[in-house]
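Per chain, numbering begins at 1; letters A, B, ... match sequence-line order.
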Amino acid sequence: MDLEFHLEKHFNYTSFRVGQKEVITSILDGKHTIAMLPTGTGKSLCYQLSGYLLKGQIVIISPLLSLMQDQVEQLMMNGEKSVIAFNSFLTQEEKYQALLHLNKYKFIFLSPEMLQSESIIKRLGEQQIGLFVIDEAHCISQWGYDFRPDYLKLGDVREKLGNPLTLALTATATPEVKEDLIESLGLGNWNEFIYSVDRPNISLSVETISSYQDKTERLVELIKNLKGPGIIYFSSKKVSEQMAVLLKERGIDKVMAYHGGMEQESRVLIQQQFLHGQLDIICATSAFGMGINKGNIRYVIHFHMPLQLESYLQEIGRAGRDGLKSLAVLLYSPGDEQLPYQLAESELPSEAQIEWIYQWFVEHDEAVKNIEPFENEVRRLAGLTDIQWRMIKNYLCESEAASLQENFLQLKIFINQRLQIKRKKINEMHMWAQPPYEECRRKKILKYFKEDKTIEVEDCCDQCGIDLASFYTDSDNHKTAEDAFDWKRHLAEILLISERSE
DNA sequence: CGAACCGGTTGTAAAACCGGTTCGGTGCGTTACT
């Protein structure tokens, strides 16, 4: 088949980007396909073009509502009308109508949670599904186990839908992510297109700084000098906001914070402003990034380290999608690793909480499967977050243990295992960040991800030697801002001194 | 671990200080209530 012809016909492009043609060919051959393509290569085109060349409908699983809306818009801009995002933005009536006329949609977007609804599975099962797509498939691995368990149930859903031809798309090409998704999706045979996780145009730097205060000062200094735009990652919503305020006070404009606790409206606005250059710097938590299509991000700074190297890689990977030289800096203070450990632990229910729940069941002589009416009360009394509770409920309900006691015993073991895995990952991240350093950072990452590629990269990392000044802004913009600020501060100091002496 | 907050102490008035405690990230859907 002349794929280029169809590419031009449907999308008006004349040539494919890295990996696209191979992936599409594999799908059209009827093979389940795992595509781990580098960021910014146009992964969605893989299912869009395949969609036009395959019979039947295309079902796309997407992790974020905003991502779904983007994709729907993109398709509609391209003249495709038979698209629907099946999610909570629809009213009851709209949902009902959409289900009734499901066959008139070519592209159907869904969240994994929506796919747990029996009525939706039933209606989808009656359709002819040409391709089942899991977008951002690393979510299975990174979110499935505790945060969004419905990701791990996609395999069952696939089976119920009659094992449709499947495509998994992601940019996080690590062996572990791949294994997780093969196992949970239950693909028997598949083709895979996996590209290196290495991004040679991103220089890697870790700076060890002894105190929190010094780290803040260093951050301000970096921001003042580095050529933007850039993202600064924090592991706390509060700190991200405080830093945005501090940076503004220090004369740095076009800065905003972004985190999951903010209003949906302002989140969209900030994202748009960043995309269009009205904002230069985002002080963000891990909520920021997925689906951000901005090519010219010049640096990513981590004020806190993430909970695993996979996340680190994903976050720094948002820099330099245009292929130009970019920088990733991790600011590390000894003791920083405590925060990730804390976060990991607080996500899982504690032993005491599990014991409490167990006692509740014993006292109330209630079957685990009949918990629904008491659910909210029990959850509240045990002091569990909804994530923690869901994890417990999921496990208890799906267990085949012979007794309540046995069921809870296994639950405790399971949670303990999860904790160990999380700790191990944090430890690996920590080992990469903390001194003593002996080895090239890039090699160390590649080794962790089981790639044995030896590459020579210019300005590779702080170990191989890096010229930070080459990432500094060459315009005088920042300098002027800095001068203005110093003058202001100077004046303030003078006033303060004269106030005291009076 | 560090930051923020709370409540009690200090020593006579108000703010400063101390010690203890709590909290810290990612999102879908539904439902009850403003």
Between [Y] and [X], is there a salt bridge with N-O shorter than 4.0 Å?
X        : Y        : answer
A:Lys43  : A:Asp135 : no
A:Glu217 : A:Arg250 : yes
A:Lys425 : A:Glu310 : yes
A:Lys215 : A:Glu207 : no

Practice prompt. Please report, rounded to the nearest Å, how far the P atom of B:dT26 is from the NZ atom of A:Lys238.
Written response: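 Between P of B:dT26 and NZ of A:Lys238: 14 Å.
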Discussion item. Tell me the interatomic distance from A:Glu347, atom CD, to B:dC23, atom P, rounded to whole angstroms.
Written reply: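 After rounding, the gap between these two atoms is 17 Å.
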Discussion item. Once pairs are restricted to Watson-Crick or G-U wobble with both distances under 3.5 Å, how does DNA chain B read as a dot-bracket string, [ ] for crossings and | for other-strand pairs?
Written reply: ((((((((((....))))))))))..........
Practice prompt. For A:Gln92, look at atom CD and say whether over 12 heavy atoms of other residues, nucleotides or ligands are found less than 6.0 Å away.
Written response: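 No.
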Worksheet item: In residues 111-124 of chain A, what residues come within less than 4.0 Å of DNA chain B, judged by heavy atoms?
Response: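 Only A:Ser111, A:Glu113, A:Met114 qualify.
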Worksheet item: What residues in residues 377-392 of chain A put a non-hydrogen atom under 4.0 Å from any atom of DNA chain B?
Response: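 Of all residues in residues 377-392 of chain A, the ones placing a heavy atom under 4.0 Å from DNA chain B are A:Asp386, A:Ile387, A:Arg390.
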Worksheet item: Between A:Leu247 and A:Ile232, is any pair of side-chain heavy atoms under 4.5 Å apart?
Response: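 Yes, side chains in contact.
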[X] side-chain N/O to [N] phosphate OP1/OP2 under 4.0 Å:
X        : N      : result
A:Lys95  : B:dG29 : no
A:Gln92  : B:dT30 : no
A:Ser236 : B:dC23 : no

Worksheet item: Is the aromatic ring of A:Trp143 within stacking range of B:dT26, meaning centres under 5.5 angstrom and planes under 30 degrees?
Response: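 No, aromatic ring not over the base.
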